[in-house]
Amino acid sequence: MSRRLEDARILMYSHDTFGLGHLRRCRAIAHALVEDYRGLNILIISGATIAGAFDYRARVDFVKIPSVIKLRNGEYTSLASHIDLHETLKMRESSIRHTAETFQPDIFIVDKEPMGLKGEVEDTLAYLKARGTVLVLGLREIMDAPHLLEAEWKKNSIMQKIDQYYDSVWVYGPPDFYDPLIGLDVPASLRRKMDFVGFLQRSVSRGKTSINARKDNYILVTTGGGDGSDLVHDVMNAYEADPTLTQKALVVLGPYMPAAERAKLVQKGEAIPYIEVIEFDNHMEELIDSATGVVAMGGYNTYCEILSFDKPALIVPRVKPREEQLLRAQRASELGLVDMLLPEQSVDPTIMAEALKRLPSRQPPSKSGGNMRLEGLDHISQTVGRWIDGRGSHLSLVGAE
């Protein structure tokens, strides 16, 4: 059921330094909102190098800002090696501000980085706050281990700034799954702004078919952006070590995997009859929906897809530099929603082969776990509708539950 809104505008920001998680989350929210409200226009500011590789619905568009890459040690560098990081950040900051001034949004939604990469959004937040835009921070249900997040936020007074600028903080998960600010000293005023919207449900896009769509019985091995080569090696080693492992597998390497690593895995996969390797697919939802089971590192988007399409899953989380995937996998495994192996278990071909053989007959999450509420997009849509209806009174419904 779609309602007419008179020219409402939402601006979204996704810093996207590595991987596709932030952009895919913004895109899912944007598509759900324009489907629910005709007359709503959404613009996504993204630093993802392949922001243009995805299709966008009518009334959803994106502005690409210069890309910055996150290195394995957590530091950043410019994608264009001849431009230094400081200049790149200045360009990004001014593009973000200029876009906000020209687009004049009713609502500005910032994904995960409260002040943007290296503080690049703070100037825009101050500008938009002064003109009455509703400012929303969207947080994953798990950010990181509390001691790591606290150290990161303390040095830039992030907690105080969130409270100062933002009208609302959406947590993309249900309250009984995890609290992203657990173990941190959160001011009561900020706690009141937190709205646990639920997981963001995913669906297969209408009319678009993946060129890799298959009808056979396969498990999908997906690593997200591209730092999952260890997991793919572990899966291939299990196939090489155990001739009784004959389950077909489709392996998606991710668009950011280094070329040398990708070439090595493609070559290794070619020697294993049950494995097909592809580099990237911009319709991952379709591949997950058709799979018998999923093997993944368990980033936020993949986890939402596993729940949305109700697939048996084996999660081997990344454990450093961030602990987000580890915490999510532990919690989901504790609730009986997924099976989990730690990287030191996954590297043992015997353990991995047994886990892969068990996967297709594992109960799906809906049968094995408790309440998996996937109502995030509906909840967000209702909230946005209320705010925009109340625009006359300066979007006075902000924060009023």
Practice item. Give a yes-or-no answer on whether the side chains of Lys311 and Ser308 include a donor-acceptor pair shorter than 3.5 Å. Key: no

Exercise for review: Check whether any side-chain heavy atom of Met340 sits under 4.5 Å from a side-chain heavy atom of Leu326, and report yes or no.
Suggested key: yes

Practice item. For the residue pair Trp387 and Ile107, establish whether any side-chain heavy-atom pair is separated by less than 4.5 Å. Key: yes

Practice item. Look at atom CD of Gln267 and say whether more than 12 heavy atoms of other residues, nucleotides or ligands are closer to it than 6.0 Å. Key: no

Check your understanding: Looking at Tyr172 versus Phe199, is the centre-to-centre ring distance below 6.0 Å?
Key -> no

**Study point:** Under 3.5 Å side-chain donor-acceptor pair for Arg331 and Ser333
**Key:** no

Exercise for review: Determine, stepwise, if the pair Gln330 / Gln325 fulfils side-chain contact (heavy atoms from CB on, under 4.5 Å).
Suggested key: CA-CA 9 Å; Gln330 285 171 333; Gln325 292 185 349; over 6 Å; no

Practice item. Ignoring hydrogens and angles, tell me if any N or O in the side chain of Tyr166 forms a donor-acceptor pair with the backbone of Leu190 under 3.5 Å. Key: no

Check your understanding: For Met159, does its backbone N or O pair with a side-chain atom of Gln164 as donor and acceptor, under 3.5 Å?
Key -> no

Review point. Does some side-chain heavy atom of Val68 sit less than 4.5 Å from a side-chain heavy atom of Leu85?
Key: yes

Review point. With a 3.5 Å cut-off and no angle check, do the side chains of Lys268 and His233 form a donor-acceptor pair?
Key: yes

Practice item. For the pair Glu120 and Arg92, find out whether any cationic side-chain nitrogen is under 4.0 Å from an anionic carboxylate oxygen. Key: yes

Check your understanding: Is any side-chain heavy atom of Asp216 less than 4.5 Å from a side-chain heavy atom of Lys248?
Key -> yes

Review point. Within 45 degrees of the axis of the six-membered ring of Tyr300 and under 6.0 Å from its centre: does Arg328 put its NZ or CZ there?
Key: no

